Amino acid sequence: RGATLTQGRADFPTGFVWGAATASYQIEGSVHEDGRQPSIWDTFSRTPGRVAGGDTGDVACDHYARHADDIALMGELGLAAYRFSVAWPRVRPAGGGPVNARGLDFYDRLVDGLLAAGITPYATLYHWDLPQALEDAGGWPERDTAHRFAEYAADVYERLGDRVGHWTTLNEPWVAAFLGYGNGVHAPGRTDAAAAFRAAHHLMLGHGLATRALREAGAREISLVLNLSPVITPAQVDDPGAEPSEADAEAVARIDTLLVRQFTEPALRGEYPAAFLEIVGRNGGLDHIRDGDLEIINQPVDVLGINYYNPCVVEAGPGLAADAAWPGSEDVRFCPADGVPATAMGWPIVPTGLSRLLVRLSDDYPEIGLMITENGAAFDDVVQDGRVHDERRTGYLDGHLRAVHAAIADGADVRGYLVWSLLDNFEWAEGYRRRFGIVHVDFTTQRRLLKDSALWYREVIARNGL
Ligand code: PNW
């Protein structure tokens, strides 16, 4: 089965879900409003040198105050679905401790507004804004954080569960653990491989505990969202069928184990790969993985959410010994993808990587539904006479939708596609200089402007295809 990408018309299945995604700290602003307390991203972004330009999420897209206008914008685009995240530090400002009803009121208004506009809400419970109080108590490397997460998840479900049917526990536990605690590029900025492995396990334990709590409370659909990339060799960028050498195949398998199977195997099969346990054993030990944890992590979930931006290109050879995002991979070299264009993030544009990934996941985990919960690109957009001619973004989205279409034709059960992102926003360590939106935001005036890619996406949605 070799997914090939087509041009011309491509009709998507009836009921395919079209939408867009955002995350709380990246768009809301109003960080002191209605009882919210700091998250690790408030602390991190206020620490000089951590975020490009010294940017913070203090104002961001001012979505907290402007959500009604933003919902109107979504209506104009014809979105069927909107994926947002709930800010834990609004709901339980101290992490544990009392529930802050005023924080939940905001999501109440948001959900009611979405439903009134005919847009289905997809709620994510953790998109990286851990309450600072919990980090002060040790953060995700501490087991208690997983229990606090499940309590908070139950609070949110209790308030919104009568109107929200689609729930995601975690967004990208790999990034939260290995950029947050491994290489320190993200909050809380710690650099400790052992802490990163502990964080990853406790994130997954939190996923399992929260899934169990939500299910018992009656949640209809529960998903886990992972940042997944096919891991390929340089030769496979151009020729997906190229045979890797034995040494390269070993490098590929190692990175795949750390990026993909570290999460999919416990969540969907109830076990950690042996090769993974061996790496953890050499990086701080296995004591934090207790009997019974894997049963908790392996709760049935309905959908696997996939955030895809680019493939991971590696070969055997002296690698990034200094980068604690990849413990145990000092003999793996991360390679540029030569000969293909890149986005403003420097991420190579390889749409066939998405079809390869989707077909592989549906081969390995045939029982789980798939959803593209993020896909998109940053480019250096310019406003010209009231327009943003972002044809490269449109090209990126078109190419990746063709990859989704090809994977569906190959039998992958892909149920929907959510663009990252609805709005230009706070792009984590990159601040506001990287624009992923299909809607342009002027961060001085807060004016929104539909980019050409948004106008194009509106047409795609209207005709359910390309
Ligand atoms: C995802 N990496 O982040 C997040 O879910 C979004 O919040 C974010 O804005 C978007 O993708 C674009 O970056 C990632 O270094 C950040 O591998 C970094 C990586 C992957 C995903």
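For ligands, and for the atoms within them, numbers begin at 1 and follow the listed sequence. Worth knowing before you read on, the calculation uses all heavy atoms, side chains too, and leaves out hydrogens, waters and symmetry mates. Remember, it's a predicted structure, so these values are computed and weren't measured experimentally.
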Once you restrict to heavy atoms under 4.0 Å, what part of [X] touches ligand 1? Side chain, backbone, both or neither.
| X | result |
| --- | --- |
| Phe426 | neither |
| Val185 | neither |
| Leu179 | side chain |

Any luck finding a side-chain donor-acceptor pair between [X] and [Y] under 3.5 Å?
| X | Y | result |
| --- | --- | --- |
| Arg83 | Asn171 | yes |
| Ser39 | Gln132 | no |
| Tyr417 | Glu374 | no |
| Glu221 | His166 | yes |
| Ser453 | Thr394 | no |

Suppose we measure from [atom] to each protein heavy atom; which comes out shortest, and what is that distance?
| atom | result |
| --- | --- |
| atom 10 (C) of ligand 1 | Tyr309 OH, 3.3 Å |
| atom 14 (C) of ligand 1 | Glu172 OE1, 3.4 Å |
| atom 4 (C) of ligand 1 | Glu374 OE1, 3.3 Å |
| atom 9 (O) of ligand 1 | Glu427 OE1, 2.6 Å |
| atom 20 (C) of ligand 1 | Val175 CG2, 3.8 Å |

Run the ring-centre check on [X] versus [Y] and record whether the distance is less than 6.0 Å.
| X | Y | value |
| --- | --- | --- |
| Tyr309 | Trp420 | no |
| Trp18 | Phe16 | yes |
| His400 | Tyr308 | yes |

Tell me whether [X] has any N or O atom under 3.5 angstrom from an N or O of ligand 1.
| X | result |
| --- | --- |
| Trp174 | no |
| Gln26 | yes |
| His186 | no |

request  = Report the C-alpha distance between Glu427 and Arg435 in whole Å, list the side-chain angles of each, state the deciding distance to 0.1 Å, and finish with yes or no for salt bridge (Lys or Arg N to Asp or Glu O under 4.0 Å).
outcome  = CA-CA 8 Å; Glu427 176 49 34; Arg435 295 179 174 271; over 6 Å; no
Under 4.0 Å to a heavy atom of [X] - the qualifying atoms of ligand 1, by number:
| X | result |
| --- | --- |
| Trp128 | 3 (O), 4 (C), 14 (C) |
| Asn171 | 5 (O) |
| His127 | 4 (C), 5 (O), 6 (C), 7 (O) |
| Trp428 | 6 (C), 7 (O), 8 (C), 9 (O) |
| Phe436 | 12 (C), 13 (O) |

Assess [X] for proximity to ligand 1: is some non-hydrogen atom of it under 4.0 Å away?
| X | value |
| --- | --- |
| Asn227 | no |
| Glu430 | no |
| Trp347 | yes |

Partner of [X] under ring-ring contact (aromatic ring centres under 6.0 Å, His included), chosen from [options]:
| X | options | result |
| --- | --- | --- |
| Trp167 | Phe84, Tyr122, Tyr157, Tyr126 | Tyr157 |
| Trp88 | Trp41, Trp128, Phe149, Tyr25 | Phe149 |
| Phe178 | Trp326, Phe197, Phe263 | Phe197 |

